[in-house]
Amino acid sequence: MTDTLGRTPTLCYIDVGGTFTDAFIVDAEGDYVTGKSPSTHGDMASGFLAAIETACAKWGMEVNDVLPSLQVLGYGSTVVLNAILTRSGRTPGLLTTKGFESILLMERGKQTWVDLDRAARLHPMTHRHNKPIVPRSLVHGVTGRIDCLGREVVPLYEDEVRSGTEALLDGGVDAIVVCFLWSFLNPSHERRTAEIIAEVAQKRGCEVRVVTSVDVSPVIRELPRMNAAILEAYTGDIARGAFRDMQARLEERGFRGELQIMQSTGGLAPAVHVRGVDTVQSGPAGGVIGGRYIGEIYGFNNMITTDVGGTSFDVGVVSGGVLNVNRESSVARMLLGIPMVEILSIGTGGGTIARIEALTHRLEIGPQSAGSDPGPVCYGRGGTEPTVTDADLALGYLDPSYFIGGRIKLDLEAARRAIKERIAEPLGMSVEEAAEGIKTIADAKMRDAISGLIATRGFELSDYHLLAFGGAGPSHMAGYTEGLKLAGIMAFPFSAAFSAFGAAAADYERHYTRAMNVIVPPEASDEVKVELGSQITRVWRELREQGLAQMQREGFDPSVVQFRTLAMIRYGRQLNDLIVDSPVEQLETSTDWDRLIETFEKLYERMYAIAAKYPQAGYEILEVGVVAYTEKIRPKLRAEALGSAKPPDDSLKVPRQAWFGGGWRDVRVFAMTQLRPGNELSGPVIIEDSTTTLVVPPGRRIRLDEYRTMWMEEA
Amino acid sequence: MMMSLKDRLLERDRRMAELGRYEEKLELKERDPIRFELLYSKMVESVTSAHEVARRVSASPMSRELGEIIFGLYTPEGDAVALSRGLLIHVKTMSRMIKWMIENGYEDDPGFAEGDHYFNNDPYIGGAHCPDQMIVTPIWWEGELVGWAGGLTHTPETGGSEPGGFIPFARSRFDEGLFLPCVKVAENDKIKRDLEVLVERGIRSPIYWLTDNRAKITGSQIIREDVKGLIGQFGVDYFAKACREYIEDTRLAAEQRIRKVLPPGTYREVSWRGSMMPGDETLLHGPVAMTVTREGRLNFDYEGMSPAGRHPFQGTLPTIEGLVMNVVIQNLFYDLKHNEGVLLNIGLNVPKGSAGNPSSIFYPTALWGITYGAGLASGQAISRAYYAKGYREEVHATSALSSAYTAGGLDQYGRPFGAHNFEFAAAGLFATAVMDGLDTAGVEFNPEGEMGDAEIWEQMLPPVYLSREIHVDGGGYGKYRGGNGVMSLYLVSGTKDIDIGAFGAAPIYSAPGLMGGYPAGALYMWVGSRTNMHRLIAEGRPIPSGEGEDPAHPDFVEMVEARWELIPGANRSAQPAREGDLFTAMTGDGGGFGDPIERDPELILRDLENQVTTHWTARHVYCVAIDPETMEVDVAATEQLRRKQREERRSVGMPAQQYKARERETILRGDLAKPTARMFHAVLGSSEAFRRAFLEFWGLPESWEMTDPDRDDEEVE
């Protein structure tokens, strides 16, 4: 459908967050609008549609005008995460290797402290076991053992599968998870168990969903693999049900396509086919994909994305055009064998609380947060402890009458009072000095998170462009990039909705991996390499075929499906492998093999140090993979001609005073939406719109390029 | 002329003694507290980065999975400034190593050049035993040595007389494996190949040692380069002064914390361990007297510790220093800047010649034993002080010594190997005054307890798990029970040449309870050889999957025909095993808190549902009547059971003075069990202070002397 101006919305992405739902809509010409509405967790569709409504209203359109013409409607969902956090999933039972029935109570020890901060980790009194999703009474053991080479040591005792299944069905389960040791290497016991469960259920005339760990997470380490399978059984049906409902609601309003869900790995997949557990980190992935897409537009390979929200600071990395993937993630203190876009999250955001530590008299920022309720002191909703946002306000960076476009009136005096009583007086400072201290330490924590993430991956900051977004990103970007030798620093007029923009740029993507046991001794002959290579080639081929078939089932034309070929390589007997994007699609000759190894060696050297290399130990490949993807239409950034460096007169707002480097300064304030390509502004200056405020301190300047991207540079 | 490091070290000690503080004034902190904290956060970020990167480089599950790895930044004199998370007991050990090199003239020969990396695993220099391996590298700035970066890992194989690094019957240091005391292993950041060959041909599984070295060197380089960047940013003078101020800042904070939360006084605790050396079974004595001063100092006095002996159950001075540091950080200073300042308000007296400070490097230290016990008793003393002040949530019983199996031979891939399974880092934790101890959750030497996935261990070691369960009723009974450890059953499979051993302790409890809570049980191991497992499997008959409910009649013994052997204490020399053999391994359990008959029946129901206790225990220990069918508590019957239990106690109890008088007679008669008599005889002969205290406590005459329990044996010979 086309509006009166001939506008055809083609792409829409909805990012549902804890507090707000963001919409990002793009038309056929690449123009876009953003919208924001409170999330409605009880009835997700209402908030979803309201966000679309607020966005398309800016084009003078209604939801029913927009939905019919959409070619892609993407959704960053928190359905699965909410079900886990609120323990409101299904009732799965578990069949596992006999003798391992208590694995969920033992939690490998690590789940008693994972995700705690440093002080709590060192203080065992604060450690706790989680209540398991599957209680011990719904766990049954089955005799049978596969060893680490995939050999059957003890056959599957099928009678125990039957009795275990009967007991679980008697116990009222609606799904059965099967997870045996080494199933990813030899799935025969899990597969046979699934067959028997189906037979038993059929005989009893009931239906029960069976989830095998090898199908959800075919990787080594039984607890994360089991957790992944359990979460799929716990949330998968619920998620798909919610997505189906959403699809129906959208169809009622004229949508004719298939709703697409963002997966934790950063690709979209049709809602009806997606696995619940693959959407645990659906929302935050969008920002990193946006980073990759911006990189493609500008021709940059290496990007750092930084998202400053209310409670956290999230850093993502794109290296060589590829998203960094974390294969040892944890969610709600459960170790999870599911790959996710790597996002380092620290508890420093606008709502993070500042305190004086009693013993050392040290100013500490976070990790406690005032969240959105009560929120910072200046929100006037009962918050008493000063936060980063209160400091920003006290420093004059935020306009108390124009926060979120004036929808929240900020109480400057209350913020100043809290900073004075709780920080400034104990430290013997002025309110402004204390506020600046809060901001400086918060910025330093964010800066350390960026440099730490880059350093621990062995990368060089100077190879990276940094993108600042999220509501509070542009306010702090100058602070948290100070001293970092980056290739460039960028912010966008749609900063607050950047994650939705990024997700709208995602491809359709499916990841496939398979465990292998390829051990290459250091003295391997060419014949050995060719033989081992042929094993890998065969698996790669099978995975590509699997991917192609799946994409076809999901309605994609096979001719547009593309592949990335992956090998997870390590030195002999190491425990950590690197994901190597193979330069060859098959390993037919020893030269192919050597090219693959050379790629690994170069990556290893870059990630670690030359002294860390150990080719004398040989190589091991215990997992290979394939990513199948197809491109889709994406939001466009429209280039405009560069104009004058001087900003237009109508962009100038009422100036105000802001505190920089120990004193109050008169500061010009500009309306972000009125600035034009080519404009240049030297700090101190503040650029604001209804959802974000960009602070440019003295010594820095902003330059708008042809896409209106705001580059922060040294003045 | 620039001062030598040796002179700087002396000057550091002199200033410390003179000022009573590490740095006279915190000028940088006072001048600009924000900038001061900024630099420190960057230092912590750097050591944390080193830690994370190094984990990925190592091939050892200890480093990669279990966090048995730590990195630190040190002053030129070797005092810790900032530390990563990880194995906290080794914070002081790297410091000791640096100081040892300085004191022993290494600055001149072989010298400390940029890019040099020094290795040490000699526990008498720094470390606890041969597997504790550290590498440090100097940090230079414009011709001046401005600090040190270092990392430490615990390595699973050392080339000792038995596989796996922990030598259960080491009689001298020379059983423990390859020691490289402060040896330069890399120059210009390049590893010396000849030293690698030494390791490749000198130990069973060199891969762990050698990749751990790469991990430590990589991590140290990260810290070194970060420090140079920070000096470039902050200036070398600021950096040096700030390092000293951070230490003093921690010392001051620690002093205030002690004054705030611990009432002044002397708190006494004692721990026991045992040595089961053939022909010389003895208990080992590990007392501690912790004095809290009004000024905020803690003095730990280990007078009365058993003398060092020819067994592996003892430690070095750096070990006990590390244990104390570990204990105070976990109990008191978990939220401070962790550095040398933590220890500066702490005094230690570890008598020379004792099992915590052996007089000669000849004595083996493979298993720490009594040193570890004394360290944990020190934590217990802090708990008592907390209790006195009313901080109940900080009060806890003790966690046990843990154990694990060792193995060596040819692995499932046909390669030589030697290693131990380190799941023992997730033992049962102590009960506290407000809650049960956590099951399978940690050990006191590393608060971030982790057992690793079974698949990782099976990749490393040939035995196949038949079960990995929570040790039923392992933790000490109590109002709040101790945490239960791990109980695993293994099947020997897939290799023709394998020895299986274990390291543990003597069969006595090692985790006392508190306030009426029971101690955790002692360690034990079962080995079944020449089993009929293959026949059971071939015939599809049931095979065991654990111990079951009755430890006196374990399921595996009932179900499998074999030559079954029970090894109390779980200390076993490695012996050949064959396909189909079975054996168990268990970690330690935690001590309980409070009277078991005050335990909430709901907690017992929960434990029954989780199958970590039994109906027998519920009735006979906790005196709770639960219907096994309905799983309902009969409140009236429970009250009756508990009343009866109290009456029984009254009928067998006696006043403390009467009990003491009875025991005094036992001492005078010399009617002690031989291991106990050996222990007291050795301690009374080695510590005059303890002898005096002993006589006074028991009201013994000055002329009393304890008879040598082995005198008769000698006369026969």
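In the text below, chain A, chain B and the rest are named by the order of the sequence lines, each starting its count at 1.
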Residue among Asp226(B), Leu210(B), Leu489(B), Asn326(B) with most heavy-atom pairs under 4.5 Å to chain A
Leu210(B)
Under a 4.5 Å cut-off applied to non-hydrogen side-chain atoms, are Arg468(B) and Glu222(A) in contact?
yes
Any side-chain heavy-atom pair of Ile543(B) and Tyr157(A) under 4.5 Å:
yes
Under a 4.5 Å heavy-atom cutoff, which of Ile220(A), Asp159(A), Leu185(A) has the most pairs with chain B?
Ile220(A)
Shortest non-hydrogen contact from Gln459(B) toward Leu622(A)
NE2-CD1, 3.3 Å
CD/Gln412(B) to SG/Cys148(A) distance, rounded to the nearest 0.5 angstrom?
4.0 Å
Can you say whether Ser58(B) sits under 4.5 Å from chain A via the side chain, the backbone, both, or neither, judging by heavy atoms?
backbone
In terms of heavy-atom pairs under 4.5 Å with chain B, which of Lys613(A), Arg570(A), Arg145(A) leads?
Arg145(A)
Distance, nearest 0.5 Å, that separates CG of Leu335(A) from CD of Glu450(B)
7.5 Å
Check each atom of Ser205(B) against the heavy atoms of chain A and say whether the ones under 4.5 Å are side chain, backbone, both or neither.
side chain
Assert top hit (heavy-atom pairs under 4.5 Å, partner chain A, pool Thr211(B), Leu466(B), Ile217(B)) equals Leu466(B)
Correct closest heavy-atom pair for Arg118(A) and Val44(B) would be NH1-CG1, 4.4 Å
Rounded to the nearest 0.5 Å, how far does CD of Glu101(A) lie from CD of Gln611(B)?
8.0 Å
Top contributor to chain B contacts, counting heavy-atom pairs under 4.5 Å, from Lys445(A), Glu107(A), Arg225(A)
Arg225(A)
Val57(B) side chain near Tyr571(A) side chain, heavy-atom distance below 4.5 Å:
no
Could you tell me which portion of Lys190(B) (side chain, backbone, both or neither) has an atom closer than 4.5 angstrom to a non-hydrogen atom of chain A?
neither
Under a 4.5 Å cut-off applied to non-hydrogen side-chain atoms, are Phe417(B) and Arg573(A) in contact?
yes
Option in Pro61(B), Ser46(B), Pro447(B) with maximal non-hydrogen atom pairs under 4.5 Å from chain A
Pro447(B)
One should read off an interatomic distance between Leu105(A) CG and Glu469(B) CD, to the nearest 0.5 angstrom, of 9.5 Å
Hey, which residues of residues 432-442 of chain A are touching chain B, say heavy atoms under 4.5 Å apart?
Gly437(A), Thr440(A), Ile441(A)
Relative to chain A, which segment of Phe333(B) carries a heavy atom at a distance below 4.5 Å: side chain, backbone, both, or neither?
neither
Portion of Glu609(B) that has a non-hydrogen atom of chain A nearer than 4.5 angstrom:
backbone
Chain A heavy atoms under 4.5 Å from Gln330(B): which part of the residue, side chain, backbone, both or neither?
both
Here the gap from Glu364(A) atom CD to Glu37(B) atom CD, rounded to the nearest 0.5 Å, amounts to 7.5 Å
Most contacts with chain B, counted as non-hydrogen pairs under 4.5 angstrom, among Thr97(A), Thr143(A), Asp147(A), Val153(A)
Val153(A)
Once you round to the nearest 0.5 Å, how far does OG1 of Thr440(B) lie from CZ of Arg108(A)?
12.0 Å
At a 4.5 Å cut-off on heavy atoms, which part of His396(B) comes close to chain A: side chain, backbone, both, or neither?
side chain
Heavy-atom check, side chain of Leu438(B) versus side chain of His129(A), under 4.5 Å
yes
Heavy-atom proximity to chain A below 4.5 Å, by part of Leu252(B)
neither
Do Glu357(A) and Asp335(B) have side chains that get closer than 4.5 Å, going by heavy atoms?
yes
Compare all side-chain heavy atoms of Ser102(A) with those of Asn610(B) and state whether any distance is below 4.5 angstrom.
no
Using heavy-atom distances under 4.5 Å, tell me whether Tyr208(B) contacts chain A through its side chain, its backbone, both, or neither.
side chain
Between Pro542(B) and chain A, with a heavy-atom cut-off of 4.5 Å, which part of the residue counts as in contact: side chain, backbone, both or neither?
backbone
The interface call for Asp436(B) against chain A, heavy-atom contacts under 4.5 Å, is neither
Which atom of Leu122(A) lies closest to which atom of His338(B), heavy atoms considered
CD1-CE1, 3.1 Å
What option among Met460(B), Glu458(B), Glu65(B), Gln221(B) has the most heavy-atom pairs under 4.5 Å with chain A?
Glu458(B)
Which atoms of Arg35(B) approach chain A - backbone, side chain, both or neither, heavy atom under 4.5 Å
neither
Phe100(A) to Ala454(B) - nearest heavy-atom pair and separation:
CE2-CB, 3.7 Å
Side chain, backbone, both or neither: which part of Lys29(B) has a non-hydrogen atom closer than 4.5 Å to chain A?
side chain
Most heavy-atom pairs under 4.5 angstrom with chain B, which of Pro124(A), Ala617(A), Pro224(A)?
Pro124(A)
Heavy-atom closest contact (Ala59(B) atom, Leu575(A) atom, distance)
O-CD1, 3.4 Å
Contact part of Leu66(B) toward chain A, heavy-atom cut-off under 4.5 Å: side chain, backbone, both or neither?
neither
Choice from His127(A), Arg151(A), Arg447(A) maximising heavy atom contacts with chain B below 4.5 Å
His127(A)
Please tell me whether His123(A) and Glu394(B) have a donor and an acceptor in their side chains that are separated by less than 3.5 angstrom.
yes
Go through the side-chain N and O atoms of Asn576(A) and Arg64(B) and say whether any donor and acceptor fall under 3.5 Å apart.
yes
Using side-chain heavy atoms (C-beta onward) and a distance below 4.5 Å, is Glu423(B) in contact with Met106(A)?
no
By side-chain contact (heavy atoms from CB on, under 4.5 Å), Pro33(B) pairs with (sequence neighbours left out) Met429(A)
